[in-house]
Amino acid sequence: MKKAAVLLLVCVLFLTACVRTPIEDLMTAPAQSGEQIAVKEAFEAFFSDRVSYKYPVSGRNRTPIQFIDLDGDETEEAVVFFIAESEEPFAQIAVMKKNGASGWAYSAQIVGSGTDISSVRIMRMNNRVFLLVEWLAANYRSVSVGYTYENGALSRWFEDSATVMATVFDLNGDGIDEYCYITQSGSEPFVLKYVDFSSETTTTGSVLLSSEMAACLALTGGLTLDDQPALFIDETVDEHLYATQIYVLSEGRLRPIEMNDGYGISEFSRRTVPQLISRKLFGSQATLFPSATPPSSEVISSNLYTYWYSVGNKEMTFVKASYNDYDFGMMLCLPQSWLSQVDIVRDETNSKKISVYDIERNTTVLWIQVLSVGESAELLIQDGYALFMQSGPFRFFVKGDCSMEDLMYIQQNMAAL
């Protein structure tokens, strides 16, 4: 009866499988609109010098001509990122204003702080617009600059010439994002900073990070288990050792989260795999950080898993365990009750087949078969397998001899690395 129910569930999952399509090539330059072409023609007519346009290489705003109401007059200006061949080597920003029904006229210009653009962010607060540009400078340095456009002129209101990593996140929970970033000057320790420009005068804060931090892997804004905004810093500690630090804004100051037992998160989260960074996993509103430390000594083959924890009320809480297959880019989360009962086995004759073996029952309870693009799935479907996920060139088919609840949990928590 149970097997029949599971087979029925597999059929349903096959029809409604969560298929994750490959990410499109983000480096492809976006196509220009008719309005952008009109701005380009007016811009090039104004400049006697030959110009080339600079495309931001990441983020949502990736065109060299962007339309933004910079001065709050309810009419969009055109912001142009370019480089002039006969002028300074740095890229520049120009503002073009609407001139009549279909024309554009030059308004302002400012020299940037790098030869290329990493990303462009637009932030609106208190009827003001802030343009945040991360420039790519020499020696792969990143320079963060904030611009405002007022009274027909572009001006800098913020600049940091040693930005390592940055994110925009509502750190104080007031509904308005702060600009959060990590800097390093030379061989000095890393510093975590934030800029709050929700008021007429911007406020800033900073904190010196651990001297053990050798490199920054990721800076992520997220929530703790008790819904407190926090910054998760994934770092390199040693050549093959990685860890996580978590900071919150308390009484206007950046502070590391403290644990009741005095055990630091950085020590607890240490691991040897750099790809594992703090993130949300399915079914979790809080941001989780990875660790090599299992929740108990009863976990079988504990070295096979990564353990994901959250923090809240000064306590660390175990949330999920994942088996990570780096050959195929798959993250497999098993039900917690399985961790003390099963072992994961890679088929010696078929490297694309993974089995989950229940030691107590002396039987296999889950089969995972990986297919590459072009390989037929017909025989697998006939054998009761269902497509659970697609990631890049691989498709992941799963068959289970377990409860419907457990199989649904596995399907919902399978993810691409």
Side-chain angles (χ1 to χ4, degrees), residues 163-171 178 180-184 189-194 205-250 253-295 299 302-324 326 331 333 413 415 417:
T163 303
V164 175
M165 197 79 63
T167 189
V168 173
F169 177 65
D170 182 8
L171 186 57
E178 282 70 49
C180 310
Y181 60 105
I182 293 174
T183 68
Q184 184 186 38
F190 290 88
V191 179
L192 175 63
K193 299 181 178 182
Y194 79 94
S206 65
V207 64
L208 194 67
L209 296 176
S210 168
S211 59
E212 289 187 335
M213 183 174 175
C216 181
L217 297 175
L219 174 63
T220 306
L223 297 176
T224 63
L225 202 59
D226 52 351
D227 295 327
Q228 185 175 15
L231 290 172
F232 295 75
I233 304 168
D234 293 289
E235 62 183 5
T236 300
V237 176
D238 206 344
E239 185 177 1
H240 300 294
L241 188 62
Y242 310 91
T244 300
Q245 299 184 57
I246 305 177
Y247 281 79
V248 296
L249 191 61
S250 175
R253 297 181 60 185
L254 287 166
R255 305 175 189 271
I257 283 188
E258 299 177 352
M259 297 292 102
N260 284 328
D261 57 8
Y263 200 23
I265 291 173
S266 178
E267 293 79 10
F268 185 81
S269 65
R270 300 203 172 188
R271 54 205 183 263
T272 58
V273 184
Q275 294 96 327
L276 296 175
I277 61 175
S278 302
R279 67 183 77 180
K280 280 186 180 181
L281 293 180
F282 295 104
S284 173
Q285 293 301 314
T287 296
L288 310 181
F289 67 89
S291 172
T293 305
V299 177
S302 58
N303 61 317
L304 290 178
Y305 302 102
T306 295
Y307 305 94
W308 297 86
Y309 291 82
S310 183
V311 293
N313 300 316
K314 296 187 176 184
E315 299 284 350
M316 284 179 280
T317 301
F318 171 67
V319 180
K320 296 177 188 286
S322 67
Y323 168 76
N324 307 305
Y326 295 98
M331 177 185 290
C333 294
N413 287 274
L417 283 171

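Since the model is a prediction, treat every value here as computed from it, not as a measurement.
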Closest approach of [X] and [Y], non-hydrogen atoms and distance?
X	Y	value
S284	A286	OG-O, 2.9 Å
T272	Y242	O-CE1, 3.5 Å
L171	L249	CG-CB, 3.9 Å
Y323	L304	CD1-O, 3.7 Å
M213	F190	O-CE1, 3.4 Å
T287	G221	OG1-O, 4.4 Å

To the nearest 0.5 angstrom, please state how far the [atom1] atom of [X] sits from the [atom2] atom of [Y].
X	Y	atom1	atom2	value
L276	S291	CG	OG	10.5 Å
T306	N324	OG1	CG	4.0 Å
E258	S250	CD	OG	9.5 Å
T224	I246	OG1	CD1	8.5 Å
D226	E315	CG	CD	11.0 Å

Please evaluate residues S322 and Y305 with respect to the criterion side chain to side chain contact (heavy atoms under 4.5 Å, CB included), reporting the C-alpha separation (whole Å), side-chain torsions for both, the decisive distance (0.1 Å), and the verdict. CA-CA 5 Å; S322 67; Y305 302 102; over 6 Å; no
Taking the side chain as every heavy atom from C-beta outward, state whether [X] and [Y] have any pair of such atoms under 4.5 Å apart.
X	Y	value
I265	V311	yes
E178	D170	yes
R279	L288	no
L209	I182	yes
T236	L217	yes
S278	P290	yes
L192	Y181	no
Y247	I233	yes

Determine which pairs satisfy salt bridge (charged side-chain N to carboxylate O under 4.0 Å, His left out) with at least one residue from residues 228-242, sequence neighbours left out, and list them in order. D234-R271
Taking the ring centre of each residue, are F169 and Y194 less than 6.0 Å apart? no
Do Y309 and F318 make the cut of ring centroids closer than 6.0 angstrom? yes
Look at atom CD of Q275 and say whether more than 12 heavy atoms of other residues, nucleotides or ligands are closer to it than 6.0 Å. yes
Residue R255 excluded, over 12 heavy atoms near CZ under 6.0 Å: yes
Under the side chain to side chain contact (heavy atoms under 4.5 Å, CB included) rule, what do M331 and Y326 come out as? Steps first, then yes or no, please. CA-CA 9 Å; M331 177 185 290; Y326 295 98; over 6 Å; no
Using side chain to side chain contact (heavy atoms under 4.5 Å, CB included), reason through Q285 and L225 one step at a time and then give a plain yes or no. CA-CA 8 Å; Q285 293 301 314; L225 202 59; over 6 Å; no
Short question: side chain of [X], backbone of [Y] - any donor-acceptor pair under 3.5 Å?
X	Y	answer
S210	E212	yes
S269	T244	yes
T163	M165	no
R270	F268	no
Y307	S302	yes

Evaluate the criterion side chain to side chain contact (heavy atoms under 4.5 Å, CB included) for residue pair Q184 and V191; output intermediate values, then yes/no. CA-CA 6 Å; Q184 184 186 38; V191 179; over 6 Å; no
